[in-house]
Undergrad: 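Just dropping this structure here.
Sequence lines set the chain letters: A, B, ... in the order given, protein chains first and strands last, and positions in each chain run from 1. What you see is a predicted model, and the numbers here were worked out from it, not measured in a lab. Because only heavy atoms are used, hydrogens play no part in the values below, and waters and symmetry mates are left out as well, while side chains stay in.
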Amino acid sequence: MGRLSPSFFARDTLAVARDLLGQRLVRIVNGRRLSGRIVEAEAYVGEDDLACHASRGRTRRTEVMYGPPGHAYIYFIYGMYHCLNVVTEAEGFPAAVLVRALEPEEGIADMWAYRGCQDERELTSGPGKLCMALQIDRRLNGIDLCDHGELFLEEGEPIAPHRIATSTRIGIRVPGWAAEAPWRVYVADSPFVSGAPRRATHRAMR
DNA sequence: TATACGATCACCT
DNA sequence: GGTGATCGTATAC
């Protein structure tokens with residue numbers, strides 16, 4: 001399987017978010033492959049987007065988002081969870097896609113152990129959950145996903161456009177348009193998106 | 001140095 | 001529907 005290349009990520013962030021649906025996130029742990037197809041993602045775009053961590057400028061934390069596309073921006077949140085993003089757009093412009101949910105494929109037995117849950121839909125149906133299931137933490141912050149041995153992205157089958165829906169981003173409470181921007185994309189009929197099962201409230205993309 | 005809070009989750013009613 | 005856990009980060013003193 002081919003890996004996604006830097007040119008895939010050096011594009012408009014919303015386009016990257018949409019095109020990441022169906023691609024395979026792969027993590028190697030103890031020589032074993034843990035993987036799943038991406039079914040939910042969110043775009044965070046530049047300093048003008050108040051929901052984006054870079055809205056407060058360039059700091060040690062946000063440094064990676066200003067760097068080259070295709071690198072991993074991994075942050076620690078709520079004292080106990082990690083979230084995985086992929087840096088997008090040209091180097092120097094801070095933007096990234098948050099990977100919010102996967103459909104588990106390989107290494108599911110290992111994911112059970114790392115997650116300690118009973119329902120397969122709970123393994124990777126949220127940004128914090130998928131980082132637990134795939135043993136992703138800040139030690140991997142800043143790595144190049146296009147050239148790394150233990151965390152990378154492989155080409156998967158594309159998702160048909162009529163299966164893709166959009167919504168506002170989850171957990172965003174900021175003033176202005178950022179809270180209303182429909183920059184979450186997900187596979188509408190997947191049981192593995194966060195919060196599923198849910199009623200479809202947003203129309204599919206054209 | 002001190003403090004408030006978050007791109008979440010699990011468990012409660 | 002609601003809330004506590006738990007700590008790095010940004011920001012204020």
Undergrad: Establish, for the pair A/Arg11 and A/Phe9, whether the NZ or CZ atom is under 6.0 angstrom from the six-membered ring centre and no further than 45 degrees off its axis.
TA: no
Undergrad: Can you tell me if A/Arg184 uses its side chain to pair, donor with acceptor, with the backbone of A/Glu40 under 3.5 Å?
TA: no
Undergrad: Scan every strand shown for a Watson-Crick or G-U wobble partner of C/dT11, both distances under 3.5 Å, and answer none if you come up empty.
TA: B/dA2
Undergrad: From the options B/dG6, C/dA10, B/dA7, select the nucleotide whose nearest atom is closest to the side chain of A/Arg173.
TA: B/dG6
Undergrad: Does A/Tyr78 contact C/dA5 through a side-chain donor or acceptor facing the base, at a distance under 3.5 Å?
TA: no
Undergrad: For A/Arg61, answer base if it contacts any base atom (sugar-phosphate contacts may also be present), sugar-phosphate if it contacts only those atoms, and nothing otherwise; contact means non-hydrogen atoms under 4.0 Å.
TA: sugar-phosphate
Undergrad: Take atom CD of A/Glu63 and atom P of C/dG8, then tell me their distance rounded to the nearest Å.
TA: 20 Å
Undergrad: Begin with the C-alpha distance, continue with both residues' side-chain angles, and end with the deciding distance and a verdict on side chain to side chain donor-acceptor pair (under 3.5 Å) for A/Glu63 and A/Tyr73.
TA: CA-CA 9 Å; A/Glu63 186 66 29; A/Tyr73 167 46; over 6 Å; no
Undergrad: For A/Gly79, which contact category applies under a 4.0 Å heavy-atom criterion: base, sugar-phosphate, or nothing?
TA: base
Undergrad: Contact class for A/Arg60 vs. all strands (heavy atom < 4.0 Å): base, sugar-phosphate, or nothing?
TA: nothing
Undergrad: Which nucleotide in the set B/dA7, C/dG8, B/dA10 lies at the smallest distance from any side-chain heavy atom of A/Arg115?
TA: B/dA10
Undergrad: In sequence, state the C-alpha distance, the side-chain angles, and the governing distance for A/Arg3 and A/Asp147, and then conclude on salt bridge (Lys or Arg N to Asp or Glu O under 4.0 Å).
TA: CA-CA 9 Å; A/Arg3 285 199 190 193; A/Asp147 182 27; 5.5 Å; no
Undergrad: Rounded off to whole Å, could you give me the CG-to-C1' distance for the A/Leu98 and B/dT8 pair?
TA: 11 Å
Undergrad: To the nearest Å, how far apart are A/Leu123 CG and B/dA10 P?
TA: 11 Å
Undergrad: Could you give the CD1-to-C1' distance, from A/Ile77 to B/dT8, as a whole number of Å?
TA: 8 Å
Undergrad: Taking CZ from A/Arg56 and C1' from B/dA4, how many angstroms apart are they, rounded to a whole number?
TA: 11 Å
Undergrad: Only one of A/Glu103, A/Glu157, A/Glu105 clears side chain to side chain donor-acceptor pair (under 3.5 Å) with A/Arg24; which?
TA: A/Glu105
Undergrad: Quick one: A/Ile74 CD1 to B/dA7 P, roughly how many Å, whole number?
TA: 17 Å
Undergrad: Sticking with atom C1', work out how far C/dG1 lies from B/dA7, rounded to a whole angstrom.
TA: 22 Å
Undergrad: Tell me which nucleotide, if any, is Watson-Crick or G-U wobble paired with C/dT6 when both distances must be under 3.5 Å.
TA: none
Undergrad: Using atom CZ of A/Arg58 as one end and atom P of C/dT9 as the other, report the distance to the nearest whole Å.
TA: 17 Å
Undergrad: Does B/dA7 have OP1 or OP2 sitting under 4.0 Å from an N or O in the side chain of A/Arg100?
TA: no
Undergrad: As a test of reading the structure: which of B/dT8, C/dA10, C/dC7 is closest to the side chain of A/Tyr81, going by heavy atoms?
TA: B/dT8
Undergrad: Mind checking the P distance from B/dC5 to C/dT3? Whole angstroms is fine.
TA: 16 Å
Undergrad: A/Arg138 has a side chain; which of C/dT6, C/dT9, B/dA7 sits nearest to it?
TA: C/dT9
Undergrad: Checking side chain to side chain donor-acceptor pair (under 3.5 Å) for the pair A/Ser55/A/Glu47: CA distance, chi angles, key distance, verdict?
TA: CA-CA 4 Å; A/Ser55 65; A/Glu47 296 179 347; over 6 Å; no
Undergrad: Quickly work out the A/Met80 CE to B/dA10 C1' distance and round it to whole Å.
TA: 9 Å
